[in-house]
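As the structure is a prediction and not an experimental result, all values here were calculated from the model.
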Amino acid sequence: MKYASLAATILSTALLAACNDGPAENAGEDVDEAVEDVTGEDTDTFEEAGENVDETTDDEPGRR
């Protein structure tokens with residue numbers, strides 16, 4: 001995939017933003033939307049990965 005580095009950069013940025021703004025699933029959704037804008041591919045790969053992260057870490061906004 002020739003857009004792998006772009007996707008990785010977007011994912012990193014989105015995950016950093018998700019630390020303050022909400023769960024990883026939302027960040028993954030944002031990444032999927034950005035990848036779709038660039039490549040035209042409609043997938044939920046990063047959203048699903050973010051959901052798995054949320055489930056694994058029991059990520060809830062405001063919970064410490």
Side-chain angles (χ1 to χ4, degrees):
M1 175 180 200
K2 64 183 181 179
Y3 295 104
S5 63
L6 172 63
T9 301
I10 294 170
L11 176 62
S12 297
T13 303
L15 288 176
L16 287 174
C19 292
N20 295 326
D21 295 335
E25 183 178 359
N26 289 338
E29 187 175 342
D30 292 341
V31 172
D32 286 333
E33 289 174 8
V35 170
E36 183 179 357
D37 288 345
V38 172
T39 67
E41 295 180 40
D42 184 16
T43 66
D44 291 330
T45 304
F46 291 103
E47 181 179 1
E48 290 172 6
E51 184 175 357
N52 291 336
V53 169
D54 287 341
E55 289 173 2
T56 302
T57 61
D58 196 26
D59 186 18
E60 296 178 17
R63 183 177 178 179
R64 299 247 176 229

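Applying side chain to side chain contact (heavy atoms under 4.5 Å, CB included) to D32 and the options T43, D37, D42 leaves one that passes, T43.
Smallest separation of non-hydrogen atoms from D54 and A24: OD1-N, 2.9 Å.
Shown here are the side chain to side chain contact (heavy atoms under 4.5 Å, CB included) partners of E33, two or more places apart in sequence or in another chain: E29, D30.
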